[in-house]
Amino acid sequence: MGIQIIQFILAFLVPVVLSILLTPLAIKAAYKIGAVDKPDERKVHKNITPRLGGLAIFLTLAISSVLAFTIFDTGQVDISEHYQKILLVGGALTLVFLLGVWDDVTPLKPGLKFGLQFVIATLVYLAGVKISSVMNPLSTYALNVQFIDYPLTVLWIIGITNAINLIDGLDGLATGVSTIACVSIFAVSSLTGEIGNAYIALILAGSLVGFLRYNFNPARIFLGDSGSLLLGFLLAILSIQSSNKISTGFSIFFPIIVLGLPITDTLIAMIRRFLGTFLEKDTAKTAMQGRLKKMFLPDKSHIHHQLLAYGFTHRNTVILLYFISAFFAVSAFSITVIDSYSKSVIALGITVFILLLGVKKLRYREIDIFNNGIFLPFYERFWLNRTSLKVFFDLVFIITAFTLSLLAIQWTNSSGFNAAQFQIILVVAAIAQFITLWMVGIYNDSYNLIGLGDALKITKAVAYSTLSLIPVFFFLSEVKLDFFVPFLILNFYLLLTFVLGFRISHKTLRYLFFRTSKAENNVLIYGANASGELLLDQIMAFESPTFNVLGFIDEDHQKEGTQINGFKIFGGHWKLERLIRSKKVDMILMADSRIKPEVMKRIKSLSEKYQLPIMKFHLDLESVVVHENAVENQPVFGSKIAISN
């Protein structure tokens, strides 16, 4: 054991020294063959920099690996037995390195790069490096995926290869992140007996640490495609090999989490680019082929770019991402070695929660689908008033609510019924509940702007549909009262949540979109009363938001600090001048007709001082003037609304 530890230390230190010695040679070679990176609007660096870092890493990796497997006692690793596999994998790594060199000297088109990566990844699959089984997190048995192992393996290798390539946007970022991933892979591989894999991971980590001396900000050399493609390709292989012998059910998550940062950055980039095409003005003319193509076009909105935009320095951004990558590495290691299902679930849940929280903090408007309005056109065009879709979703809700209620109650109550009874009762119950909803008439209404009356009608319909289960259970089952009553209560609440939630979703989406839309005019509404609330509803009902409502002004002291539909009531007119300056108010909308003269005089003086227009909102009822061919009607916001009588 002591000898192996010494060998591990040497396997790390030797490539560190070699990389430090070879990197200056790579810098000279890059200038000679023209493999340099010139600054442009998409890049962060300001000076021409050599981009052939992969040469130093490749040579260090090759020399150190030969030394390690020739001199060291590698135990279980029999070179002669795995000669063909080593030859094919080594050849694939050489080819992907040469592909990177080619791209460093003469930038290649994405299609050609992906095509060649596909061919090279196929060589690795033929060598026997493949994802042929994954452990089932819910049991101790492995899931056999041999029938799709080829596309899974190739997709994983190409995906990770390009993920590392995409994250290589700041000095030392991809190098440091890859180093941290290597350490985690080494730890897991050494524990599971994958000694050969452990050596390669450690050698690669040493190569990167030595290279980082020249690659950290301010960088004297970049990884280039020769380095980033080589790193991504080898990390993909190492992650597959390291997870093969993990006995816990969570082995499926190890390679995903250990490379969590580059994977997250890549997925975010593809999703936001695709969704971003729907926010363009020519959305209707943008073909799906064009949207898919834009997913692979470079931009300047990766995670590291967003952090720079927040005000982080170059170095601080890289260091912060090192810590995040280390968190992923520790999480991956912990999840795979913890011998407890519940603890592993908790660790995985915490990791996912922190990941989602971090992505939210980056404030990508393209992927904030609840606030960017992407869903609204599709919702209004296809879903809103189509009875067939309402029927389909309600049937899904009925079945889901029934099943969840049954599982929840039966979990704590030994009484109930078996699988055969469940299938029969589910079908009959679904038909009974759906017919009840139909008879009450909830499919005759439009829910563009659902109100309290609509909500009460839906609640009544769901209550009747829940009561319709009583005869179904009475005739088809013999469940006891202590089972049936809690079941009905839970079914009612679940079904009401689903049905009512679906129908208010349009109004919810419009509200979220309105709150985050950047309208031209910031306005305050004077009057936190029924008229003010009606005015707010009118503004939010606009197809394109005209006003950005900041909140309300009202003279009632008791209302100060409270809210109306999520909009704050700041206080009375005495707060107005401070709000005008701090909130950059552009307009005041008057919704209170009972304003005192002295207060109105004060507001008018502030309006003149800051040149703010004041608009008065009122509703008038007037008779319709019937002409010979038309009806005169002027539904004008903020003016008169004529209705027929």
Side-chain angles (χ1 to χ4, degrees), residues 3-23 25-26 53-79 82-83 85-94 96-97 100 124 127 129 160-161 164 172 174-215 223 226-244 255 258-259 325 329 333:
I3 295 176
Q4 191 173 67
I5 292 175
I6 294 173
Q7 290 179 351
F8 279 153
I9 294 172
L10 290 174
F12 176 77
L13 293 178
V14 169
V16 169
V17 175
L18 276 176
S19 185
I20 291 174
L21 295 175
L22 291 173
T23 302
L25 300 178
L55 177 61
I57 295 171
F58 178 77
L59 292 176
T60 301
L61 186 65
I63 296 169
S64 301
S65 298
V66 171
L67 290 173
F69 288 97
T70 302
I71 300 173
F72 296 161
D73 178 14
T74 54
Q76 302 174 22
V77 183
D78 188 347
I79 302 297
H82 301 285
Y83 179 76
K85 181 177 182 178
I86 293 171
L87 190 64
L88 282 173
V89 172
L93 289 171
T94 303
V96 82
F97 163 68
V124 175
V129 178
I160 298 303
T161 299
I164 299 297
T175 306
V177 168
S178 299
T179 303
I180 294 166
C182 284
V183 172
S184 185
I185 291 172
F186 160 75
V188 170
S189 297
S190 59
L191 287 176
T192 56
E194 284 282 354
I195 303 301
N197 208 59
Y199 271 113
I200 296 298
L202 203 56
I203 290 169
L204 181 58
S207 304
L208 294 174
V209 169
F211 177 75
L212 195 59
R213 182 178 182 272
Y214 302 92
N215 186 231
L223 275 173
S226 59
S228 60
L229 294 183
L230 175 66
L231 279 183
F233 202 86
L234 185 51
L235 283 172
I237 296 172
L238 292 173
S239 63
I240 293 173
Q241 290 292 100
S242 63
S243 61
N244 280 341
V258 77
L259 296 167
S325 189
F333 180 78

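One-based numbering along the sequence shown.
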Check your understanding: Is there a side-chain contact between Leu259 and Ile160, using heavy atoms and a 4.5 Å cut-off?
Key -> yes
Check your understanding: Does some side-chain heavy atom of Asn197 sit less than 4.5 Å from a side-chain heavy atom of Ile185?
Key -> yes
Exercise for review: Using a 4.5 Å cut-off on heavy atoms from C-beta on, say whether the side chain of Lys85 contacts that of Val129.
Suggested key: yes
Revision key, fill the gap. Heavy-atom nearest pair, Ala201 first then Leu238, reads CA-CD1, 4.0 Å
Exercise for review: Report the C-alpha separation of Val124 and Leu88 in whole Å, then their side-chain angles, then the decisive distance to 0.1 Å, and conclude whether the side-chain contact (heavy atoms from CB on, under 4.5 Å) test is met.
Suggested key: CA-CA 7 Å; Val124 175; Leu88 282 173; over 6 Å; no
Exercise for review: Under the side-chain contact (heavy atoms from CB on, under 4.5 Å) rule, what do Val14 and Thr60 come out as? Steps first, then yes or no, please.
Suggested key: CA-CA 9 Å; Val14 169; Thr60 301; over 6 Å; no
Point to revise | Distance, nearest 0.5 Å, that separates CG of Leu235 from CD1 of Ile240 | key: 11.5 Å
Exercise for review: Measure from the side-chain N and O atoms of Thr192 to the backbone N and O of Ser189, and report whether any donor-acceptor pair falls under 3.5 Å.
Suggested key: yes
Exercise for review: Verify, without hydrogens or angle tests, whether Ser226 (side chain) and Gly100 (backbone) share a donor-acceptor contact under 3.5 angstrom.
Suggested key: no
Practice item. Indicate yes or no: at least one non-hydrogen side-chain atom of Leu22 is less than 4.5 angstrom from one of Leu25. Key: yes
Check your understanding: Do Leu204 and Tyr199 have side-chain heavy atoms sitting under 4.5 Å apart?
Key -> no
Review point. Has the side chain of Ser19 got a donor or acceptor atom that lies under 3.5 Å from a matching backbone atom of Val16?
Key: no
Revision key, fill the gap. Heavy-atom closest pair (Ser190 atom, Ala187 atom, distance to 0.1 Å) is OG-O, 2.9 Å
Review point. Taking side chain as C-beta onward, heavy atoms only, is Cys182 less than 4.5 Å from Leu202?
Key: no
Review point. Rounded to the nearest 0.5 Å, how far does CG of Leu231 lie from OG1 of Thr179?
Key: 8.0 Å
Exercise for review: Provide the closest heavy-atom pair for Ser178 versus Leu208 in the form atom of the first, atom of the second, distance.
Suggested key: CB-CD1, 3.7 Å
Practice item. May I have the step-by-step check of ring pair (Phe, Tyr, Trp, His ring centres under 6.0 Å) for Phe12 and Phe186, ending in yes or no? Key: CA-CA 11 Å; Phe12 176 77; Phe186 160 75; 9.2 Å; no
Study note, to complete from the structure: Nearest heavy-atom approach of Ala329 to Ser184 is O-OG, 3.2 Å
Review point. Would a distance-only check, ignoring hydrogens and angles, find a side-chain to backbone donor-acceptor pair under 3.5 Å from Tyr214 to Ile20?
Key: yes
Check your understanding: Does any non-hydrogen side-chain atom of Ser207 lie less than 4.5 Å from one of Ile203?
Key -> yes
Review point. Quick one: CD1 on Ile200 to CG on Leu61, what's the gap to the nearest 0.5 Å?
Key: 6.0 Å
Exercise for review: Classify the angle between the aromatic ring planes of Phe97 and Phe58 as parallel (below 30°), tilted (30 to 60°) or perpendicular (above 60°).
Suggested key: parallel
Review point. Could you state the interatomic distance from CG (Leu10) to OG (Ser64), rounded to the nearest 0.5 Å?
Key: 11.0 Å
Review point. Is there a side-chain contact between Ile57 and Thr175, using heavy atoms and a 4.5 Å cut-off?
Key: no
Practice item. Could you grab the distance from atom CG of Leu230 to atom CD1 of Ile164, nearest 0.5 Å is fine? Key: 11.0 Å
Point to revise | Gap separating the OG1 atom of Thr23 from the CG atom of Leu212, nearest 0.5 angstrom | key: 10.0 Å
